[in-house]
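Just below is one structure, and these are the notes that go with it.
Each ligand, and each atom within it, is numbered from 1 in the order the structure gives.
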Amino acid sequence: MHVPPLPHLAATDPELAGLIEAEAQRQHDKLRMIPSENYVSTAVLEATGSVLTNKYSEGYAGKRYYEGQQLIDPIETLTVERARSLFGVDHANVQPYSGSPANLAVYLAFLNPGDTLLGMALAMGGHLTHGSPVSVSGRWFRPVGYSVRKDTGRVDFDEVRELARAERPKVIFCGGTAIPRTIDFPAFAEIAREVGAVLVADIAHIAGLIAGGAHPSPVGYADVITTTTHKTLRGPRGAMIMSTEEHAKALDKAVFPGLQGGPHNHTTAGIAVALHEAAQPAFRDYAHQVVANARALAAALTERGFDLVSGGTDNHLILIDLASKGIPGKPAAKALDRAGIELNFNAVPYDPRRPFDPSGIRLGTPALTTRGLTEEQMPQVAAWMDDTITAALKDDEAAISAIAGEVRDLLSGYPMPGFAAA
Ligand code: DSN
């Protein structure tokens, strides 16, 4: 049963209530390993589902375009202060609707159409908004993409430096969506300083690890930091832009009125709760456990012959090239989903296949760590993954269903925030 319970929704709209209840059950029964997903706390759910959704508040605290901000102002100020304190930054804007608008606001603050930006290529693990030709970031600006080395799967800083010197980008982005290794913020900062570029660290995937001390912080190296709030940070779906004081005004103006209208105050409140939770000692344990679980899983997968991009992981994320297993990423991800193991098909660096039918899968440990799983269960998870792929290659749906049952049995012993057994 969903927690908080949904009696009013069930009375008003039983069809929708039924779908949400079924989704809660699904999230309970599946080993959720999409590395950008998590389970928020019931407190975050309550704040996000509150009456704050009723209120418009264009502007910033003390300078709004609508009346009735007596309580919205302190809520947003509290959220900003919590972000500043947790990450140790001068300035935080908590209004971006999500990660893509946050990054677009950064471009609006620093670039004119046609200006050059340097980011990790999407096919190498970057994000759509770091200059992919199919995104506005690649259509309105002049994107240059850096890669990872074919032999190591890691960023080649000689290449980044050469590209920066040759192309003179105004903005350099580091971070991405499929990076299993520690991001070397000092190395990026040195290059950005040399060419006079603004360094933006997109820490969406690792924000919770940074907050919990399980990944180095970009503060002091990056001029601007963007992040979503719903991945390892374990908040509602939203985003923040953090920066040095120098860039605060330009970024605030870019978010509003440059790009967005009224902030989503219910989301802001949910972010406040998540930041409060992330400041507690238990969150440090969580962040370190996420990494310990990923390392243990990477070791167990390697033992079973999986080919991990870069040979392992330093963070929450594992990227696997399945070519050696004789199955492409998409059918593998679909079979694993049927086996109760939810992850996503993903391109690997230098992938010979197409992005919608790539060679790899991407997975991570943030959500299963929230459920309470530890290193102890990771060999079993790797075994289920291996057995599912073997079964998929033999079209053995009975074996896949049996694994889904075993996954469900295991997870029944690990409570899920937002759900209670009926
Ligand atoms: N969709 C996110 C992810 O899965 O990494 C990035 O935007």
Check contact between Arg362 and ligand 1, using heavy atoms of the residue and a distance below 4.0 angstrom.
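Checking ligand 1 against Arg362, which is what was asked, there is a heavy-atom contact under 4.0 Å.
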Pair Asp223 + Arg193: basic N to acidic O under 4.0 Å:
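Judged by the 4.0 Å cut-off on N to carboxylate O distance, Asp223 and Arg193 do form a salt bridge.
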Name the one of Leu108, Val106, Asn93, Thr226 that satisfies side chain to side chain contact (heavy atoms under 4.5 Å, CB included) with Leu251?
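Result: among Leu108, Val106, Asn93, Thr226, Val106 is the only option passing the side chain to side chain contact (heavy atoms under 4.5 Å, CB included) with Leu251.
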Which residue and atom name correspond to the protein heavy atom nearest [atom], and how close is it?
atom	answer
atom 5 (O) of ligand 1	His205 NE2, 2.7 Å
atom 3 (C) of ligand 1	Ser36 OG, 3.3 Å
atom 2 (C) of ligand 1	Lys231 CE, 3.9 Å
atom 7 (O) of ligand 1	His127 NE2, 2.8 Å

Tell me whether Lys170 forms a cation-pi arrangement with Phe110, defined as NZ or CZ under 6.0 Å from the six-membered ring centre and within 45 degrees of its axis.
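That pair does not qualify as a cation-pi contact.
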If you draw the axis of the six-membered ring of Tyr286, does the NZ or CZ of Arg234 fall within 45° of it and under 6.0 Å from the ring centre?
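Positive - Arg234 is close enough to the ring of Tyr286 and near enough to its axis.
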For the side chain of Asp314 and the backbone of Thr182, is there at least one donor-acceptor N/O pair under 3.5 Å apart?
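Answer holds: yes.
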Should you measure from each heavy atom of Thr177, which atoms of ligand 1 turn up under 4.0 Å away?
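Counting atoms of ligand 1 from 1, those under 4.0 Å from Thr177 are 5 (O), 6 (C).
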